[in-house]
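Structure first, then comments.
In this chain, numbering begins with 1 at the start of the sequence shown. Values below: every heavy atom of this structure, side chains too, minus hydrogens, waters and symmetry copies.
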Amino acid sequence: MMEKAQLFKRLLAITYDDLALFINFDEQVSVGLMKLDLAARTRHIIQAVQFEDMWQALPKNSTTYKIYLSMRLAPLTLCSVLDNEQEMHCLEWRLVMPNYADIAEDRKPSCFGDYLKAMDRMEIVDIDDYDIGEACDFLDKAYDFSRPSDALGNSLQPRG
């Protein structure tokens, strides 16, 4: 039986790959966040990923706000594997990042790539509704994880 961590690992790799195509990781954090906000408002599709929403919230037991970036698989990614029985169109995951304004001045990331590295966590909505092995098999068929990696250690392009 495959562990949940394997699904997290695959979705994070796909997310970073697509973000690298959309936002230069050397850009200023404010520019990157502006692009993410616009992409979320328009449900922008990069390649394998579609942005769904972006919001700010104060989690329980936290004194600082977090930024949530919600994503799903893009329609072409969903259509790329025809023999899949699991409903992957409902798969939603979120990057949870610190609110940039709440980061101490001496710890503020200098560029968008460093800001991504400061991510608090990734959440997969309703993860227990998925057969992890089947979800990972779907992603392995839909996406090429064997490509060379970028500065964050992720492959550079989706299969296509």
Side-chain angles (χ1 to χ4, degrees), residues 4-80 88-125 127 135-136 138-140 142-160:
K4 291 179 183 178
Q6 292 300 317
L7 182 56
F8 279 93
K9 180 181 173 183
R10 285 167 174 79
L11 289 174
L12 190 60
I14 291 169
T15 301
Y16 279 167
D17 289 351
D18 275 18
L19 286 175
L21 294 171
F22 184 62
I23 299 170
N24 183 339
F25 285 0
D26 291 335
E27 278 191 272
Q28 293 179 354
V29 176
S30 60
V31 173
L33 287 173
M34 181 185 67
K35 287 180 179 180
L36 287 180
D37 184 51
L38 179 61
R41 289 174 192 257
T42 59
R43 298 186 68 209
H44 184 73
I45 296 169
I46 299 176
Q47 287 191 4
V49 170
Q50 176 174 331
F51 293 101
E52 286 292 309
D53 200 2
M54 185 172 167
W55 68 94
Q56 177 177 277
L58 183 63
K60 292 178 183 175
N61 303 323
S62 179
T63 58
T64 58
Y65 281 86
K66 304 296 180 191
I67 299 204
Y68 294 78
L69 178 63
S70 174
M71 292 162 275
R72 292 182 188 252
L73 294 172
L76 286 177
T77 305
L78 293 169
C79 293
S80 67
M88 297 297 290
H89 68 281
C90 294
L91 180 65
E92 180 182 346
W93 66 98
R94 301 171 182 153
L95 299 185
V96 182
M97 301 167 286
N99 183 345
Y100 186 72
D102 291 342
I103 300 173
E105 285 300 319
D106 62 334
R107 301 185 73 209
K108 281 199 188 294
S110 60
C111 62
F112 186 74
D114 289 342
Y115 178 67
L116 281 178
K117 289 179 186 177
M119 176 180 58
D120 288 347
R121 66 186 178 279
M122 186 174 86
E123 301 172 344
I124 300 175
V125 178
I127 189 169
C136 289
F138 173 88
L139 293 174
D140 289 343
Y143 203 83
D144 185 356
F145 291 99
S146 67
R147 299 195 186 255
S149 58
D150 65 15
L152 292 178
N154 300 293
S155 65
L156 294 175
Q157 295 180 13
R159 181 178 294 173

Closer than 3.5 angstrom, by distance alone: can the side chain of Arg72 be matched with the main-chain N or O of Cys90 as a donor-acceptor pair? yes

If you compare all heavy atoms of Leu139 against all heavy atoms of Leu11, which two are closest, and at what distance to 0.1 Å? CD1-CD2, 3.8 Å

Smallest separation among heavy atoms of Leu33 and Tyr115, with atom names: CD2-CE2, 3.7 Å

What I'd like to find out is whether the side chain of Phe25 reaches to under 4.5 Å of the side chain of Asp114, using heavy atoms alone. no

Asn99 and Gln56: side chain to side chain contact (heavy atoms under 4.5 Å, CB included), yes or no, with the steps? CA-CA 8 Å; Asn99 183 345; Gln56 177 177 277; 2.6 Å; yes

Between Tyr65 and Tyr100, is the gap from one ring center to the other below 6.0 Å? no

Heavy-atom nearest pair, Pro98 first then Ile67, reads O-CG1, 4.4 Å

Under the 3.5 angstrom rule, does the side chain of Thr77 hit a backbone N or O of Leu73 as a donor-acceptor pair? no

Pairwise side-chain contact, Met71 with Gln50, heavy-atom cut-off 4.5 Å (strictly under): no

Is any side-chain heavy atom of Glu27 less than 4.5 Å from a side-chain heavy atom of Cys111? no

Does any non-hydrogen side-chain atom of Leu12 lie less than 4.5 Å from one of Leu95? yes

Do the charged groups of Arg94 and Glu52 touch, with an N to O distance under 4.0 Å? no

Can you list the steps and then say if Asp140 with Arg10 is a salt bridge (charged side-chain N to carboxylate O under 4.0 Å, His left out)? CA-CA 8 Å; Asp140 289 343; Arg10 285 167 174 79; 2.8 Å; yes

Find out whether Thr63 and Asp102 are in side-chain contact, i.e. whether some heavy atom of one side chain is under 4.5 Å from a heavy atom of the other. no

State, with a plain yes or no, whether a side-chain heavy atom of Leu38 is found less than 4.5 Å away from one of His44. no

For Pro59 and Tyr68, which heavy atoms make the closest approach, and how far apart are they? CG-OH, 3.4 Å

In terms of ring plane angle, is the pair Phe22 and Phe51 parallel, tilted or perpendicular, where the classes change at 30° and 60°? tilted

Smallest separation among heavy atoms of Ala13 and Phe145, with atom names: CB-CE2, 4.1 Å

Check: Asp18 side chain, Ala48 main-chain N or O, donor-acceptor pair, under 3.5 Å: yes

Please determine whether side chain to side chain contact (heavy atoms under 4.5 Å, CB included) holds for the pair Val96 and Met119, giving the CA-CA distance in whole Å, both sets of side-chain angles, and the decisive distance to 0.1 Å. CA-CA 6 Å; Val96 182; Met119 176 180 58; 5.6 Å; no

Apply the test side chain to side chain donor-acceptor pair (under 3.5 Å) to residues Ser70 and Trp93: give CA-CA distance (whole Å), side-chain angles for both, the deciding distance (0.1 Å), then the verdict. CA-CA 6 Å; Ser70 174; Trp93 66 98; over 6 Å; no

Check Arg121 with Glu123, please: is the shortest side-chain N to carboxylate O separation under 4.0 Å? yes

Return the minimal non-hydrogen interatomic distance between Phe8 and Ile127, and the atom names on each side. CE1-CD1, 3.5 Å

